[in-house]
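What follows is one structure encoded as structure tokens, with my remarks underneath.
Residues take their numbers from the sequence shown, with the count starting at 1.
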Amino acid sequence: QVQLVESGGGLVQPGGSLRLSCVASSVRSFMGWFRQAPGKEREFVAAIRRSDSVTYYADSVKGRFTISSDYEKNTVYLQMNSLKSEDTALYYCAAKLRGGRIMTSSEYDYWGQGTQVTVSS
């Protein structure tokens with residue numbers, strides 16, 4: 001069993017920045033961030049592979065968001081810059097035990113409770 005606890009969400013103006021943190025009881029092969037806006041399906045945001053820190057991003061956040069990890073602290077981060085109103089969502093941290101489809105939420109084995117990000121003026 002892996003416990004994941006997210007933090008760092010909040011209210012920010014368009015163009016602003018936030019850094020989300022995910023503290024894991026243990027870091028697995030892939031750690032990812034997903035988000036879900038009201039009335040929409042959960043969507044992939046970013047992921048990082050533990051073995052070599054290769055990163056993956058959704059096209060909608062590429063160049064604005066950065067995923068990173070500190071394995072000594074069992075923590076994964078999502079630095080979000082140039083935030084837009086369409087980034088507003090509940091952001092989830094997830095852990096995946098094996099390879100496969102990195103951007104598919106159903107492939108992830110463990111989930112946190114989520115942290116709310118609201119981008120509004």
Side-chain angles (χ1 to χ4, degrees):
Q1 194 75 8
V2 177
Q3 283 77 46
L4 304 171
V5 179
E6 305 98 332
S7 62
L11 173 64
V12 63
Q13 292 186 342
S17 298
L18 280 175
R19 188 176 80 157
L20 306 184
S21 299
C22 171
V23 178
S25 56
S26 66
V27 176
R28 297 299 176 156
S29 298
F30 289 86
M31 300 296 295
W33 287 96
F34 288 78
R35 67 186 181 187
Q36 187 167 18
K40 295 187 177 182
E41 292 188 355
R42 192 171 297 188
E43 65 173 0
F44 171 78
V45 176
I48 187 165
R49 187 163 63 193
R50 177 189 171 91
S51 60
D52 54 8
S53 295
V54 169
T55 57
Y56 308 81
Y57 295 97
D59 288 343
S60 59
V61 306
K62 208 170 287 184
R64 299 188 299 124
F65 291 11
T66 303
I67 187 171
S68 61
S69 58
D70 183 339
Y71 295 125
E72 290 188 359
K73 297 181 180 179
N74 277 357
T75 301
V76 178
Y77 304 98
L78 185 67
Q79 178 67 44
M80 306 186 296
N81 299 327
S82 303
L83 282 161
K84 306 175 182 179
S85 58
E86 50 264 44
D87 295 318
T88 295
L90 188 60
Y91 282 70
Y92 296 92
C93 178
K96 190 177 189 310
L97 302 182
R98 287 169 288 277
R101 293 175 292 178
I102 306 305
M103 300 183 181
T104 302
S105 59
S106 60
E107 294 271 324
Y108 283 73
D109 303 285
Y110 302 101
W111 292 85
Q113 293 299 308
T115 184
Q116 178 67 39
V117 171
T118 302
V119 184
S120 175
S121 55

TODO: Please examine the side chains of T75 and S69, heavy atoms only from C-beta on, and report whether any two atoms are closer than 4.5 Å.
DONE: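 No. Closest side-chain heavy atoms not under 4.5 Å.
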Same cluster or not: [X] versus [Y], using hydrophobic residues (I, L, V, M, F, W, Y) connected whenever any side-chain heavy atoms lie under 4.5 Å apart?
X: Y71; Y: L78; answer: yes
X: F65; Y: I67; answer: yes
X: V76; Y: M80; answer: yes
X: L18; Y: Y57; answer: yes

Of all heavy-atom pairs between [X] and [Y], which one has the smallest distance, and what is that distance?
X: V117; Y: L20; result: CG2-CD2, 4.0 Å
X: C93; Y: M31; result: SG-CE, 4.0 Å
X: Y108; Y: A47; result: OH-CB, 3.7 Å
X: Q1; Y: Q3; result: CG-NE2, 3.2 Å
X: L4; Y: Y110; result: CD1-O, 3.5 Å
X: L90; Y: Q113; result: CD2-O, 4.4 Å

Task: Evaluation steps, side-chain contact (heavy atoms from CB on, under 4.5 Å), between Y56 and I48 - done: CA-CA 6 Å; Y56 308 81; I48 187 165; over 6 Å; no
TODO: Answer yes or no on whether R49 is positioned over the face of F30, meaning its NZ or CZ is under 6.0 Å from the six-membered ring centre and within 45° of the axis.
DONE: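 Geometry flag: not set, cation outside 6.0 Å or 45°.
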TODO: Begin from the C-alpha positions of W33 and C22 and carry the test side-chain contact (heavy atoms from CB on, under 4.5 Å) through to its verdict.
DONE: CA-CA 9 Å; W33 287 96; C22 171; 3.6 Å; yes
Task: Exercise: do R35 and Y91 side chains pair donor with acceptor under 3.5 Å - done: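 On atom types as modelled, these side chains qualify, holding a pair under 3.5 Å.
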Open item on the list: Within the 3.5 Å criterion, strictly below it, is a donor on S17 or N81 matched to an acceptor on the partner's side chain?
Closed with: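 Their side chains do contain a donor-acceptor pair, which is all the 3.5 Å distance test asks for.
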Task: Ring centre gap for F34 and F44 strictly below 6.0 Å - done: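 Judged by ring-centre distance (under 6.0 Å), F34 and F44 do meet the cut-off.
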TODO: Begin with the C-alpha distance, continue with both residues' side-chain angles, and end with the deciding distance and a verdict on side-chain contact (heavy atoms from CB on, under 4.5 Å) for S29 and K96.
DONE: CA-CA 6 Å; S29 298; K96 190 177 189 310; 6.0 Å; no
TODO: Please check if the side chain of T115 supplies one atom and the backbone of S7 the other of a donor-acceptor pair under 3.5 Å.
DONE: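 No; zero donor-acceptor contacts below 3.5 Å.
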Open item on the list: Whether the side chain of T88 engages the backbone of V119 through a donor-acceptor N/O pair (distance < 3.5 Å, no angle test) should be reported.
Closed with: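 At least one qualifying donor-acceptor pair exists.
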Task: NZ (K40) with more than 12 external heavy atoms under 6.0 Å - done: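 No, because the 6.0 Å sphere around NZ of K40 holds 12 heavy atoms or fewer from other groups.
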- [ ] Rounded to the nearest 0.5 Å, what's the gap from OG on S105 to CD on E41? Could you check?
- [x]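 S105 atom OG to E41 atom CD measures 8.0 Å (nearest 0.5 Å).
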Open item on the list: If I take atom OG from residue S21 and atom CG from residue D70, how far apart are they, to the nearest 0.5 angstrom?
Closed with: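 Here the interatomic distance stands at 10.0 Å.
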TODO: Evaluate salt bridge (charged side-chain N to carboxylate O under 4.0 Å, His left out) for K84 paired with D87, printing each intermediate quantity in order.
DONE: CA-CA 5 Å; K84 306 175 182 179; D87 295 318; over 6 Å; no
- [ ] List for me each residue that meets side-chain hydrogen bond (donor to acceptor under 3.5 Å, both in side chains) alongside E107, sequence neighbours excluded, and say none if there are none.
- [x]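 R101.
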Task: side-chain contact (heavy atoms from CB on, under 4.5 Å) between S26 and V2, worked out - done: CA-CA 6 Å; S26 66; V2 177; 3.7 Å; yes
